[in-house]
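What follows is a short report on a single structure.
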Amino acid sequence: MIPTAGPLVRAALLGAVLVTAACAKPDPAITRGTPYDPWEESNRKNHAFNKALDRNVLRPAARGYSAFMADDVETAISRFSENLSLPRSIVNNILQGNGLGATTDTYRFVVNTTLGLGGFFDPATELEMPANTDADFGQTLYTWGVNEGPYVERPFFGPATRRAAIGTVVDLFTDPINYVVPTPERYYGTAASVSSGLTSRGRFSDTIDSILYESADSYAATRSIYLQNRRFKLGMGRDDPYLDPYDTTPGASSSGADSVYEDPYDQ
């Protein structure tokens, strides 16, 4: 267990540095009127790459995978992938001071790993142990007061904010599965995640296709949907300016009747 201390300590130090840096100035991402996207030029290039990757690889692969794999098997693999993500969620809930979330995730992990045969089945839900929100280090940074930062679209990994992107990297070091499960068994989780991703791409194909291939500006649509969904996941209330950052109506209030899910680019 001693070798695991190094990565965990580095992750904690990184979080402390980010908190210090982020609290030094206001978050420009909450500025009303336009999304905070100073890297739009490079982001659009990455979006074009990701869109081509989806068109030529992911979409046909997801369709073939869904056609080949039985629905029950796809669901079981997705459950297995979700179960393996719970230890990471437990760590982040602890870091966020969310004792209830950490306890709920721990119970679900124990029950589904044992009675659910590694997570392929979900007896925890049947025992009224509801799924907790999937906590990640990006959420932890938000809880610690770290600024959202600019919007960024990453090659292969898709949309994020700077805070969420950094959180994704730190999660790789703080996931207990990486230190408990030996090689090559630890890669089963990676394979399950890929499988789960293909399942999601296949099941939500119509929605994803409408955003990427039917929108007048797929980059703007992707950015809008990601930012609103991410901020909603963080639990920001209607009084928070994050919820309607693109509303340019004079005198508009974030507590008004406009829905957070309305398309801010709809003319």
Open item on the list: Looking at Asp217 and Arg44, is there a salt bridge between them, counting it only when a charged N and a carboxylate O are closer than 4.0 Å?
Closed with: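 Salt bridge between Arg44 and Asp217, a charged N being under 4.0 Å from a carboxylate O: yes.
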
Examine distances only and state if a side-chain atom of [X] and a backbone atom of [Y] form a donor-acceptor pair shorter than 3.5 Å.
X: Thr143; Y: Gln139; result: yes
X: Asn83; Y: Gly118; result: yes
X: Ser193; Y: Gly189; result: yes

TODO: State whether Tyr142 and Arg230 meet the cation-pi test: NZ (Lys) or CZ (Arg) under 6.0 Å from the six-membered ring centroid, and within 45° of the perpendicular axis.
DONE: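 Judged by the rule (NZ or CZ under 6.0 Å from the ring centre, within 45° of its axis), Arg230 is not positioned above Tyr142.
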
ILVMFWY cluster membership beyond [X] - transitive side-chain contacts under 4.5 angstrom:
X: Val152; result: Trp39
X: Leu86; result: Phe109
X: Leu115; result: Tyr107, Val111, Leu127, Met129

Open item on the list: Restricting to side-chain hydrogen bond (donor to acceptor under 3.5 Å, both in side chains), what partner residues turn up for Thr106, sequence neighbours left out?
Closed with: none

Task: For Ser218, side-chain hydrogen bond (donor to acceptor under 3.5 Å, both in side chains) partners two or more places apart - done: His47, Lys51

Open item on the list: Under the rule for side-chain contact (heavy atoms from CB on, under 4.5 Å), what residues qualify as partners of Thr125, not counting sequence neighbours?
Closed with: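 side-chain contact (heavy atoms from CB on, under 4.5 Å) list for Thr125, sorted by chain: Arg108, Asp122.
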
Open item on the list: Would you say that more than 12 heavy atoms from the other residues, nucleotides or ligands in this model lie under 6.0 Å from the CZ of Phe121, or not?
Closed with: no

Task: Tyr213 OH: over 12 foreign heavy atoms closer than 6.0 Å - done: yes

TODO: Measure up the Phe120 and Phe80 rings against each other and bin them: parallel (under 30°), tilted (30 to 60°), perpendicular (over 60°).
DONE: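 Taking Phe80 first and then Phe120, their aromatic rings lie parallel (interplane angle under 30°).
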
Open item on the list: Could you tell me if the side chain of Asp37 sits less than 4.5 Å from the side chain of Arg223, heavy atoms only?
Closed with: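 Yes, at least one pair of side-chain atoms sits under 4.5 Å.
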
